[in-house]
Chemist: 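Below is a structure I'd like to ask you about.
Side chains are part of it too, since the values below use all heavy atoms of this structure and drop only hydrogens, waters and symmetry mates.
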Amino acid sequence: QVSLVESGGGLVQAGGSLRLSCVASGSIFSIKSVYWYRQAPGNQRELVAVISERGSANYADSVKGRFSISRDNAKNTVYLQMNSLKPEDTAVYLCNAIIAPVTDRSRTYSYWGQGTQVTVSS
């Protein structure tokens, strides 16, 4: 059994910062790529950032230069540092990880967290 839990969301004024965490737990053999998505009411889910197993990162154009994704493999945790937040960053942020479980090391599965709400006031 593998689970993902996001945390760190909240209410912040425009220009402020938040750091989101995504913690994977359970019978994990390895964590491959990890993605942060966001979804605002009435909008499609948007890919915000991705980090590879080796730590290479890519970002959506809308967050480049403001957001930074990182990982701590020893803690099975991925972070999303969000700076210079804007009202349009308001959304539920979801973590998606590609994981090889201990019980089936030769295969990978996609796991999702429940999301954490980020609200940026103007």
Chemist: Is it the case that Asn83 and Ser17 place a side-chain donor and acceptor less than 3.5 Å from each other?
Modeler: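 Ser17 and Asn83 do have a side-chain donor-acceptor pair below 3.5 Å.
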
Chemist: Using every non-hydrogen atom in the two residues, find where Ser122 and Ala14 come nearest and quote the distance to one decimal.
Modeler: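 Of all heavy-atom pairs spanning Ser122 and Ala14, the closest is CA-CB, 4.4 Å.
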
Chemist: Looking at Val34 and Ala97, what are the two nearest heavy atoms and their distance?
Modeler: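 Smallest heavy-atom distance, with atoms named: CG2-CB, 4.0 Å.
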
Chemist: Apply side chain to side chain contact (heavy atoms under 4.5 Å, CB included) to residues Arg19 and Leu80 and explain how you reach the verdict.
Modeler: CA-CA 6 Å; Arg19 189 177 80 156; Leu80 186 67; over 6 Å; no

Chemist: Using distance only, find each side-chain donor-acceptor pair of residues 100-110 under 3.5 Å and give its atom names and separation, not counting sequence neighbours.
Modeler:
unit_1 : atom_1 : unit_2 : atom_2 : d
Asp104 : OD1    : Ser106 : OG     : 3.4
Asp104 : OD2    : Tyr109 : OH     : 2.7
Ser110 : OG     : Asn96  : ND2    : 2.8

Chemist: Would you say that Ser52 contacts Arg71 through its side chain, given a criterion of any heavy-atom pair below 4.5 Å between the two side chains?
Modeler: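 Answer no - side chains too far apart.
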
Chemist: With a 4.5 Å cut-off on side-chain heavy atoms, are Ser33 and Glu53 touching?
Modeler: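 Result no, sub-4.5 Å side-chain heavy-atom pair not found.
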
Chemist: Which atoms form the tightest heavy-atom contact between Ala40 and Ala91, and what is the distance?
Modeler: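 Nearest heavy atoms, Ala40 then Ala91: N-CB, 3.9 Å.
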
Chemist: Should Tyr35 and Leu94 count as side-chain neighbours, where that means a heavy-atom distance under 4.5 Å?
Modeler: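 A side-chain contact is absent here, since even the closest heavy-atom pair is not under 4.5 Å.
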
Chemist: For Gly115 and Val92, work out which heavy atoms get closest and say how close.
Modeler: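 The pair with the smallest heavy-atom distance is CA-CG1, 3.9 Å.
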
Chemist: I want to check something: taking the side chain as every heavy atom from C-beta on, are Trp36 and Tyr93 in contact at a cut-off of under 4.5 Å?
Modeler: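 SC-SC contact between Trp36 and Tyr93 confirmed.
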
Chemist: Show, in sequence, the C-alpha distance, side-chain angles and deciding distance for Val50 and Ile69, and conclude whether the side chain to side chain contact (heavy atoms under 4.5 Å, CB included) test is met.
Modeler: CA-CA 7 Å; Val50 55; Ile69 189 171; 5.6 Å; no

Chemist: Can you see which heavy atom on Leu4 is nearest to which on Ala24, and at what distance?
Modeler: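 Closest approach of Leu4 to Ala24, heavy atoms only: CD2-CB, 3.4 Å.
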
Chemist: Could you tell me whether the side chain of Val23 reaches within less than 4.5 Å of the side chain of Lys75, counting heavy atoms only?
Modeler: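 No, every pair of side-chain atoms sits at 4.5 Å or beyond.
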
Chemist: Any non-hydrogen side-chain atom of Gln13 less than 4.5 Å from a side-chain atom of Val120?
Modeler: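 Result no, sub-4.5 Å side-chain heavy-atom pair not found.
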
Chemist: Mind listing the closest non-hydrogen atom pair of Lys64 and Tyr59 along with its distance?
Modeler: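 The pair with the smallest heavy-atom distance is CE-O, 3.4 Å.
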
Chemist: Under 3.5 Å, is there a donor-acceptor pair between the side chain of Arg38 and the main chain of Glu46?
Modeler: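 Looks like no, no N/O pair under 3.5 Å.
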
Chemist: Exactly one of Leu18, Thr90, Val12, Leu85 should register a side-chain contact (heavy atoms from CB on, under 4.5 Å) with Thr119. Which one does?
Modeler: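 Exactly one candidate clears the test, Thr90.
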
Chemist: Taking side chain as C-beta onward, heavy atoms only, is Ile31 less than 4.5 Å from Asn76?
Modeler: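 Yes, close enough: below the 4.5 Å cut-off.
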
Chemist: Look at Lys86 together with Asp89 and state whether they make a salt bridge at an N to O cut-off of under 4.0 Å.
Modeler: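 Asp89 and Lys86: not salt-bridged.
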
Chemist: If we only count heavy atoms from C-beta on, is the Glu6 to Gln114 side-chain gap below 4.5 Å?
Modeler: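 Counting from C-beta outward, Glu6 and Gln114 do come under 4.5 Å.
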
